[in-house]
**Q** 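Structure incoming, see below.
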Amino acid sequence: MRWLTLVLGVAILAGVASLVIVLRDDPGRSAIVETGSTSPATPAPSPSPGKPTASAFTDPCGTFQTVATTPYPVSGYWLIPTSDPCTWRRQLEAIHRVGGDTVVRLGFGLSPRSVDDQGRVLEKIDEKDPQKDLKPDGRFALCQENGLTCVQAAEKDLTAANPGNRISWTYTYRTDEQYGPGIFRCPEMERKIVAGGAVFYRLIAPEDGSDDPTCDFKTRGRAYHLILVSAGTQDSLTQLLDLGDRFGIKVFPALPLAPRDPVESTRADPRHIGTLTTLTRRILQDYGDRFSGRESLGGVYQPFELQIRDWPDPSKVQTLQVYAEQHRIVEQELPGKPILVSPYIDSRRRLKYTSTPGQVAKGFKALAKTGVGIIAPQDGRGTGKVGLFWPNWKNQPVDDRLKPVVGESTYNTAYYGSTRDYYRAMAQARDELAQEGVPVQLWANVEAFEPSGTEPCGRQGTRGRTDKPRLDTQVALAGPYVSKIISYMWSDFFTCGSPSLSEEIASDWDRPIAVEARRQQRQIQDGLEIRGFHLNQSKVTLSWPGLDTPRVVDSATVGWHDPAAVPGLPPGTERIWIPVDWATVPDGAWVRIDVTSPDGRKAAEPVYFHNSV
């Protein structure tokens, strides 16, 4: 939950402005499209897999290949940009190599600001202490026109048009993008400002949120909102889309982040809806002008997080109100481009305002009706808000790595359900919505970190990255219910440590991962169908309580393998089938199913089948 320059021919790389993103402890974080593992992503619900053209070229960052060689089931990632363009380019190359076809940009926030009597935009001295005095914001102090601050210059121009005009509120927005003329509604009053090497945009709109297209500043005096945008020296989004075209990767830039409620920061503040939608409309109009034909623009990302739950009256939920208004602008300005949102889930029993799987399913429906096209709930394992466990494990002690969050307890004591329970419930809600004529995709956002770590990763506070076996387990528990799996986040959780998580994946990418087992008859023989990744020629071991010797079945010898894509499941999902004499399996038994590759590597997580038939 930013981007690098790439121009074919003689490529010139310009620096991308550094961005500091802080990973918050609560809620989850501020989090993509169904495609083949090496193909460009696409917002269509049922795309056809393909491969980008293999090529190699040289630029100041060196030569690289665009062919994915180690495709992993996780195919989308959030990124933190870097001031080093070669680092950024290498990140997309590495993402592509492990099968990534989607990247999501973290967002920037629209901020209402105070202005002093000298026309200077102010900021808090200490964000954690609102009682401390304000100080001039050094970033916006650079914004000057003809010896006036940009606020003073805007006031001068407005009052020159009509003495009754005034600025009733000033907002700021910072980004590493640049915009074209499509961002301006009224060029006679709005403009791009270059001052001392810094780039700003001045936008002015009526305070009622109408974004009046008449641009009549003279007939009568009105109150206006001033939006000052601090922009990048290069357009990071153009750079990122260029890379997306080269690597076959879809890009989801973030919408402007809504201002937060001053009393409850987890909620969006609806008082600023008019200005938020004005800025959103302007930016998306510019995107439409400049990027309407770009295949690499996959959609947009809604960066304001919320906890998904069963709201008694969704129409009164502030954040959903802001979502609906902002998403309406996306539908108008970028028709056909989906909105991606990644809410979080909290399953902890001991806390107030947490939710059962059934309650989350109801919240899923309410969220879908705000106009989003893709919901990618955070699986909650990285924060410890949800556990990874099977129904027959509920009385087992929680993983040691979860104890800093839920203490010494069993899974059943700590949580209302597992990640699998929640994704199953949301998948059912998705199917019910489809019957109501509300199509929405369900993805999984698997968190690639631990609640705490002895070796924190880069800018990620106290949290450390996880390991591949646990990531495989997250894929296994969410896999049967979603159409795509993405992860928060590449930088730094996949890149820190030695070996890094991305290096672990590259060296072990084809280890089998089973996600589901179903009793299935094939021709006249009864048996078991297993779905997952890299299952071809696997040996399957079946065991259950009371069985002295586990049963090992070689699927390559007596079974069947189907590599064809499974509709509705993540790209790369395949099936194997083995015969099973169910008469010998006790009724009600939980059958443990371990899958082992031909070279002896066992899946990190077994799957379980409840013999209830």
Side-chain angles (χ1 to χ4, degrees), residues 2-3 32-33 41-44 104-110 171 173 175-187 189-190 192 201-206 208-215 225 227 229 231-232 235-238 240-241 244 250-259 268 270 272-304 319-341 367-375 438-441:
R2 303 182 182 214
W3 325 132
I32 284 181
V33 235
T42 169
V104 186
R105 290 179 48 136
L106 292 173
F108 300 91
L110 177 67
Y171 292 81
Y173 182 71
T175 180
D176 56 0
E177 298 179 34
Q178 280 203 24
Y179 305 109
I183 198 168
F184 300 125
R185 174 62 61 90
C186 302
M189 195 63 69
E190 300 175 329
K192 179 179 180 179
Y201 293 86
R202 182 178 95 180
L203 307 178
I204 295 175
D208 61 7
S210 62
D211 202 14
D212 186 359
T214 66
C215 298
H225 286 176
I227 306 172
V229 179
D235 182 24
S236 62
L237 184 54
T238 295
L240 186 58
L241 293 173
K250 291 287 188 182
V251 179
F252 282 71
L255 297 172
L257 184 74
H272 305 287
I273 284 178
T275 310
L276 177 70
T277 54
T278 292
L279 179 61
T280 302
R281 182 184 299 108
R282 301 295 193 83
I283 290 174
L284 296 187
Q285 284 175 346
D286 180 59
Y287 286 0
D289 289 346
R290 295 188 294 134
F291 306 132
S292 60
R294 296 295 290 267
E295 287 296 321
S296 51
L297 181 61
V300 293
Y301 166 52
Q302 169 57 263
F304 201 105
T319 304
L320 294 182
Q321 293 170 358
V322 173
Y323 272 18
E325 293 298 321
Q326 196 173 23
H327 297 170
R328 187 174 296 116
I329 302 301
V330 179
E331 293 171 2
Q332 294 170 356
E333 303 299 336
L334 289 179
K337 297 294 185 182
I339 302 166
L340 163 68
V341 65
L367 179 55
K369 292 176 181 179
T370 67
V372 297
I374 303 165
I375 302 177
V438 183
V440 64
Q441 295 183 49

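Counting begins at 1 with the first residue of the sequence. No hydrogens, no waters, no symmetry mates; every other heavy atom, side chains included, goes into these values.
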**Q** What's the separation between atom OG1 in Thr275 and atom CD1 in Ile227, rounded to the nearest 0.5 Å?
**A** 5.5 Å

**Q** Please list, chain by chain and in numerical order, all residues satisfying side-chain contact (heavy atoms from CB on, under 4.5 Å) with Thr280, sequence neighbours excluded.
**A** Leu255, Pro256, Leu276, Leu284, Gln326, Ile329

**Q** Which atoms form the tightest heavy-atom contact between Pro253 and Gly299, and what is the distance?
**A** CD-O, 3.2 Å

**Q** With sequence neighbours left out, write down each residue that passes side-chain contact (heavy atoms from CB on, under 4.5 Å) with Pro181, or none if nothing qualifies.
**A** none

**Q** Kindly give the heavy-atom pair with the smallest separation between Gly182 and Asp286, and that separation in Å.
**A** N-OD1, 3.7 Å

**Q** What pair of heavy atoms forms the shortest contact from Ala254 to Pro303, and how long is it?
**A** CB-CG, 4.1 Å

**Q** Go through Ser210 and Asp212 one step at a time and tell me if the side-chain hydrogen bond (donor to acceptor under 3.5 Å, both in side chains) criterion holds.
**A** CA-CA 5 Å; Ser210 62; Asp212 186 359; 5.5 Å; no

**Q** Supply the atom-to-atom distance Leu297 CG to Lys337 NZ, rounded to the nearest 0.5 angstrom.
**A** 4.5 Å

**Q** Going from CD on Gln285 to CZ on Phe184, what distance comes out if it is rounded to the nearest 0.5 angstrom?
**A** 12.0 Å

**Q** Sequence neighbours left out, what passes salt bridge (Lys or Arg N to Asp or Glu O under 4.0 Å) with Arg328? Give chain and number order.
**A** Glu325

**Q** Looking only at atom types and distance, does a side-chain atom of Glu177 sit under 3.5 Å from a main-chain N or O of Ser236, one as donor and one as acceptor?
**A** no

**Q** Taking the six-membered ring for Trp, are Phe108 and Tyr173 parallel (under 30°), tilted (30 to 60°) or perpendicular (over 60°)?
**A** perpendicular

**Q** Please report the closest heavy-atom contact between Pro270 and Gln321, naming both atoms and the distance.
**A** CB-OE1, 3.9 Å

**Q** Report the residues that fulfil side chain to side chain donor-acceptor pair (under 3.5 Å) with Thr277, sequence neighbours left out, ordered by chain and then residue number.
**A** none

**Q** May I ask you to decide if the ring planes of Tyr179 and Tyr201 are parallel, tilted or perpendicular, using 30° and 60° as cut-offs?
**A** perpendicular

**Q** Going from CD1 on Ile339 to OG1 on Thr370, what distance comes out if it is rounded to the nearest 0.5 angstrom?
**A** 7.0 Å

**Q** With rounding to the nearest 0.5 angstrom, report the CG to CG distance, Leu279 to Leu257.
**A** 11.0 Å

**Q** Starting at OH of Tyr287, measure out to CD1 of Ile183 and round the result to the nearest 0.5 Å.
**A** 9.0 Å

**Q** Students often mix this up, so state it plainly: with edges at 30° and 60°, are the rings of Tyr171 and His225 parallel, tilted or perpendicular?
**A** tilted

**Q** Got a sec, which residues hit salt bridge (Lys or Arg N to Asp or Glu O under 4.0 Å) with Asp289, two or more places apart in sequence or on another chain?
**A** none

**Q** Evaluate Leu203 against Thr278 for side chain to side chain contact (heavy atoms under 4.5 Å, CB included), listing each step before the verdict.
**A** CA-CA 9 Å; Leu203 307 178; Thr278 292; over 6 Å; no

**Q** If you look at every heavy atom in Val322 and Ala268, which pair is closest and at what distance?
**A** CG2-CB, 3.8 Å

**Q** Got a sec, which residues hit salt bridge (Lys or Arg N to Asp or Glu O under 4.0 Å) with Asp211, two or more places apart in sequence or on another chain?
**A** Arg185, Arg281, Arg282

